S.K.: 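I'd like to ask some things about the structure below.
A note on names: the letters A, B, ... follow the listed sequences, proteins ahead of strands, and every chain is numbered from 1. Not measured: the values here are computed from a predicted model.
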Number of protein chains: 2
Amino acid sequence: MARKTGSHSEITGPRVRDAALKLIAQHGFAAVSMRRIAEEVGVQAGALYNYTRDKQALLFDLMRNHMEELLAARQEAAVSGDPVARLDAFTRFHIHWHLPRGDQVFISYMELRNLTPENFAEIERLRKVYEDELEHILQDGVDAGLFHLDDTKVTTLAIIAMLTGMSTWYRAEGRLSLDRIEGLYVGMVRRLVGI
Amino acid sequence: MARKTGSHSEITGPRVRDAALKLIAQHGFAAVSMRRIAEEVGVQAGALYNYTRDKQALLFDLMRNHMEELLAARQEAAVSGDPVARLDAFTRFHIHWHLPRGDQVFISYMELRNLTPENFAEIERLRKVYEDELEHILQDGVDAGLFHLDDTKVTTLAIIAMLTGMSTWYRAEGRLSLDRIEGLYVGMVRRLVGI
DNA sequence: GTCTATATAATGATAGAC
DNA sequence: GTCTATCATTATATAGAC
């Protein structure tokens, strides 16, 4: 439903971001035009520039927002205690947080090459903060003699790749319930660290 | 170096594919124009249409070629014998084959959404053939009482995601040698199947 | 087989009216 | 804040000369 002229700043902003998120995940950043995003929102293309400086800023905002929300949620969900409990919590957090955000996850991995170098560096910095969270858990587990693995850094990257890969095949109507899959991944992550 | 007019069919064809591969991996399919590919090859844009029906066919050929070469190489490298040996061989094959083909791997995962539905279905079919190779190894190992895992299908997908993720961070000049990394992944895959 | 030239359509972004 | 209108550029693909 296209809107007529008028002032709608308080709702149009989020709608622009939602439309861009959905369309970019579906077709790719370069394949989605500003006109197409505007059409989805129900405004004319020129109106989008009240909410973003240009197309690049729109992509960067989506990706930075995704990473910052991830880090904030992670900080809230982090548990203290023994490394095994922290590892299990990390696995469950990663799955629970990423799974309902398929579009954001997809964009954050696929559209890195369409960022300017400065914007790319910032996203990579945020991603590294998240990876370091897991790496510290593994290192603490190794130091405590609880985990048995050959290389902390490589195991960190392997676990994250394994967990994130779930987004590419999981379907809510699939063979296994989310709880069951989560349990499977908790078990596999434990195996990877030798417990 | 731009070429002058003349007949060069025997060399231009592969050069078009090489240029498209490199540029699409770098910038994404939608972001790369036929003009840019032609410039890289050293011909005018119109000349590309002697080698591809249109831009879509160019992408599909790259992806189909990648998958068919993968399956052919896999068939040649497959070993028989006990499941543990077959699993180790699969791990080493996957790493050795994918690592020097970063551009192809990247495109094959990133550009699926830019294929027409028919072309997408064909690529997915080929990918499933490869996944089934690993799944059969896991199932045989479970049946023989050698592997101990909770779900063959999920473990298959987890292993492939873990192995393929290596392409996103491996650098030849990095901290670890390829042999060392390969050994680490063989160990992690073994752990994932409970041996 | 490649070139030049072109048809036709779409793009990102801006200016000024309301 | 949104609209209409538009600029300047770029896109895919084709036609016909050589």
S.K.: Is the distance from OP1 or OP2 of C/dT2 to the nearest side-chain N or O of B/Q44 less than 4.0 Å?
M.R.: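 Answer no for this pair, as no side-chain N or O of B/Q44 is under 4.0 Å from OP1 or OP2.
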
S.K.: Centroid separation under 6.0 Å, is that true for the rings of A/H136 and A/F90?
M.R.: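 Distance test on ring centres: not under 6.0 Å, no.
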
S.K.: Counting only heavy atoms not in A/K22 (residues, nucleotides, ligands), do more than 12 fall under 6.0 Å from its NZ?
M.R.: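 Count not over threshold, so no.
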
S.K.: Taking only the side-chain nitrogens and oxygens of B/S33, find out if one of them lies under 4.0 Å from OP1 or OP2 of D/dA11.
M.R.: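 True: B/S33 side-chain N/O within range (under 4.0 Å) of D/dA11 OP1/OP2.
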
S.K.: Between D/dT6, D/dA13, C/dT2, which one does the side chain of B/K55 approach most closely?
M.R.: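 Minimum distance to the B/K55 side chain belongs to D/dA13.
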
S.K.: For A/L48 and D/dC3, what is the distance between atoms CG and C1' respectively, to the nearest whole Å?
M.R.: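 My rounded result for the distance is 13 Å.
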
S.K.: Nearest whole Å is fine: how far is D/dA15 P from B/Y49 OH?
M.R.: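 Checked: the OH to P distance equals 13 Å.
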
S.K.: Find the distance A/L59:CG to C/dG12:C1' and express it as a whole number of Å.
M.R.: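 In whole Å, C/dG12 C1' and A/L59 CG are 15 Å from each other.
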
S.K.: Would you mind reading off the distance between A/E39 atom CD and D/dT2 atom P, rounded to a whole angstrom?
M.R.: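 It is 17 Å, rounded to the nearest whole Å.
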
S.K.: Considering only C/dT2, C/dG12, D/dC3, which nucleotide approaches the side chain of B/Y51 most closely?
M.R.: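 Of all the options, the side chain of B/Y51 is nearest to C/dT2.
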
S.K.: Is the distance from OP1 or OP2 of D/dG1 to the nearest side-chain N or O of A/T12 less than 4.0 Å?
M.R.: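 Checking D/dG1 against A/T12, no side-chain N or O comes under 4.0 Å of OP1 or OP2.
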
S.K.: Please give, in whole Å, the distance from D/dT6 P to A/R35 CZ?
M.R.: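 For the pair A/R35 CZ and D/dT6 P, the rounded distance is 13 Å.
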
S.K.: Rounded to the nearest Å, what distance is computed from the CZ atom of residue A/R36 to the C1' atom of nucleotide C/dA9?
M.R.: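 Atom-to-atom, A/R36 to C/dA9, this comes out as 17 Å.
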
S.K.: Quick one: B/N50 CG to C/dG1 P, roughly how many Å, whole number?
M.R.: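 Whole-Å distance recorded here is 6 Å.
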
S.K.: I want to know whether A/Y109 and A/H66 have ring centres closer than 6.0 Å.
M.R.: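 No.
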
S.K.: Kindly say whether A/S177 contributes a backbone atom to a donor-acceptor pair with the side chain of A/E182 at under 3.5 angstrom?
M.R.: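 No; judged by distance alone, with no hydrogens or angles, the pair does not exist.
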
S.K.: Can you tell me how far C1' of D/dT14 sits from CG of B/D54, to the nearest Å?
M.R.: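 Rounded to the whole Å, the gap is 13 Å.
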
